[in-house]
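For reference, the structure discussed in these notes is given below.
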Number of protein chains: 2
Amino acid sequence: MRARDLNKVELVKQKAMELLVKIGFEGFTMNKLAKECKISVATLYIYYKDKDDLILQIAMEEAERMSDIMLEDFDPEVSFEVGLRQQWKNRAKCMLENPITAQFLEQLRTSTYQEQVYGTIVNNFKITLGKFMTNAINRGEINPMQLEVYWSVAFAPLYNLVRFHFDGRSIGGKPFILTDKALWGTFELVLKALKK
Amino acid sequence: MRARDLNKVELVKQKAMELLVKIGFEGFTMNKLAKECKISVATLYIYYKDKDDLILQIAMEEAERMSDIMLEDFDPEVSFEVGLRQQWKNRAKCMLENPITAQFLEQLRTSTYQEQVYGTIVNNFKITLGKFMTNAINRGEINPMQLEVYWSVAFAPLYNLVRFHFDGRSIGGKPFILTDKALWGTFELVLKALKK
DNA sequence: AATATAAATGAATATTCATTCATTTATATT
DNA sequence: AATATAAATGAATGAATATTCATTTATATT
């Protein structure tokens with residue numbers, strides 16, 4: 001029995017995400033992916049049933065991996081400020097250390113694959129974060145508000161900074177680099193918005 | 001001379017955006033678009049040079065139209081709070097009244113078309129907003145910070161709420177509707193974050 | 001070392017898709 | 001009303017693209 005080459009499987013996954021981020025869904029094909037990996041297209045069909053399956057499986061695995069990283073060292077029982085700071089730390093680290101995956105998952109959000117990925121995997125993630133927020137409200141650390149409002153104020157600025165960082169191109173002319181100073185400066189603003 | 005049917009041209013534009021939002025770049029084809037419009041594919045090639053041209057032209061027109069709406073009644077010389085409030089009003093109205101266009105333009109952001117659209121059209125928009133922010137800093141209404149930080153805190157929460165609204169699916173189980181209460185409640189939080 | 005088994009492949013195949021073409025149709029101008 | 005002109009069309013055409021297949025290759029097990 002010949003064993004499947006796990007390095008090759010991993011290569012396919014990496015190159016698939018890279019290619020999708022680089023040329024978008026509108027340009028992505030199985031043949032291009034095979035060429036990029038320097039393997040036969042047929043091999044892709046040993047690993048995956050078809051193109052949809054390839055994209056979906058990779059998306060699921062990566063979404064799960066990323067949400068695990070984002071929950072590392074996170075305890076929904078800690079104080080609001082400590083917990084939120086930990087979340088910013090985890091999420092920034094996670095996205096900056098996994099730029100391709102982060103951009104790939106971002107891209108999925110406006111595709112037909114979104115539903116299946118976000119519907120299943122990200123649930124545990126949502127539950128933990130929901131508990132954290134409910135705690136903060138019950139303890140009177142923040143004012144009661146809808147989860148969506150909270151989420152939008154607490155995290156959207158972070159995701160947006162990361163996007164600026166990846167895009168390179170920014171509002172002014174010069175490329176934007178997300179420094180620790182900018183990241184934690186923004187965090188303080190967000191904290192000010194949410195704390196009573 | 002037979003005149004071009006302008007209703008048909010408009011129909012093509014609408015259906016193109018609808019279809020792209022519905023089935024993503026990965027599923028969008030010229031034949032599907034023609035069928036959706038109940039016209040011949042060949043007609044599409046009278047209006048547009050090719051598929052890329054179709055997507056790009058529609059994107060450019062809509063991006064310009066939307067950014068005009070967002071600058072209506074906006075004066076970069078007014079106070080920070082008044083100006084920011086006006087921006088939230090304009091942008092929320094614009095996106096909620098043009099849901100398809102808003103989602104279509106959002107989708108472009110992670111495609112290869114992004115660069116051309118955002119590079120050219122949105123410039124005037126950026127200049128006006130840049131001036132507004134510089135004014136606010138010079139007057140001492142907000143602390144000096146990078147444009148990207150400012151933008152991320154000032155607007156990312158709004159865009160995120162709108163996205164929740166469009167997605168229907170939210171963090172909890174029940175669909176999220178962006179009410180005036182949620183919108184302006186969030187605005188107050190953002191204001192608190194940015195004001196000295 | 002021989003065997004069996006699945007991996008991996010290069011070259012098809014079949015399908016989908018973008019684009020074109022030969023005609024027909026509508027209408028503005030005369 | 002006749003003419004000219006571009007719009008609009010249905011049916012191709014050819015190029016991409018997804019997927020399969022007949023072989024070959026590597027390796028775990030015997």
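Keep in mind the model is a prediction, meaning the values are calculated, not measured. Chain letters run A, B, ... following the sequence lines, proteins first, then strands; residues in each count from 1.
Set against D:dA11, D:dT19, D:dT9, the side chain of B:Ile39 has D:dT9 as its closest nucleotide. The side chain of B:Arg4 has D:dA7 as its nearest neighbour among D:dA18, C:dA18, D:dA7. Of the candidate nucleotides D:dT9, D:dT19, C:dA18, C:dA18 has the atom nearest to the side chain of B:Thr29. Picking from C:dT9, C:dT19, D:dA8 the nucleotide with the shortest atom distance to the side chain of A:Ser40 gives C:dT9. Listed nucleotides: D:dC21, C:dT20, D:dT17. Nearest to the side chain of B:Tyr45: C:dT20.
Aromatic rings from A:Phe25 and A:Tyr113 are positioned such that their centres are separated by under 6.0 Å. Under the 6.0 Å cut-off for aromatic ring centres, A:Phe176 and B:Trp151 do not qualify, their centroids lying 6.0 Å or more apart. Less than 6.0 angstrom separates the ring centroid of A:Phe74 from the ring centroid of A:Phe132.
We find that CZ of B:Phe25 is positioned 19 Å from C1' of D:dT17, with the value rounded to whole Å. When the P atom of C:dT9 is taken as reference, atom NZ of A:Lys35 falls 15 Å away, rounded to whole Å. To the nearest angstrom, P of C:dA26 lies 10 Å from NZ of B:Lys8. One atom, CG of A:Asn31, and another, P of C:dA11, lie 13 Å apart when rounded to the nearest Å. Atom CG of A:Asp53 is separated from atom P of D:dA18 by 14 Å (rounded to the nearest Å). Rounded to an integer number of Å, the gap from CG of A:Leu44 to P of C:dA8 is 11 Å. Atom CD of A:Glu26 and atom P of D:dA16 are 17 Å apart (whole Å). Between the C1' atom of D:dA18 and the CD1 atom of A:Ile55 lies a distance of 12 Å, rounded to the nearest Å.
Residue-to-nucleotide contacts include no donor-acceptor pair under 3.5 Å from the side chain of B:Asp5 to the base of D:dA8. Taking 3.5 Å as the limit, the base of C:dT25 and the side chain of B:Arg2 contain a donor-acceptor pair of atoms between them.
Between B:Met1 and B:Thr43, the residue anchored nearer the 5' end of DNA chain D, judged by the nucleotide with its closest heavy atom, is B:Met1. For B:Met30 and A:Ala42, each mapped to the nucleotide of DNA chain C holding its nearest heavy atom, the one lying further toward the 5' end belongs to A:Ala42.
Counting any heavy atom pair closer than 4.0 Å across all strands shown, A:Ala3 reaches sugar-phosphate atoms only and no base atom.
Within a 6.0 Å sphere centred on NZ of A:Lys89, heavy atoms belonging to other residues, nucleotides or ligands number 12 at most.
Side-chain nitrogen and oxygen atoms of A:Lys38 include none within less than 4.0 Å of the OP1 or OP2 phosphate oxygen of C:dT9. Checking the phosphate oxygens (OP1, OP2) of C:dA8, a side-chain nitrogen or oxygen of A:Tyr47 falls inside 4.0 Å.
Applying the Watson-Crick and G-U wobble criteria (two distances, each under 3.5 Å), D:dT20 pairs with C:dA11. Applying the Watson-Crick and G-U wobble criteria (two distances, each under 3.5 Å), C:dT27 pairs with D:dA4.
Between B:Arg109 and A:Glu106 a salt bridge is recorded (basic side-chain N to carboxylate O distance below 4.0 Å).
Cluster membership check: B:Trp184 shares its hydrophobic cluster with B:Leu191, using side-chain heavy-atom separations under 4.5 Å among Ile, Leu, Val, Met, Phe, Trp and Tyr.
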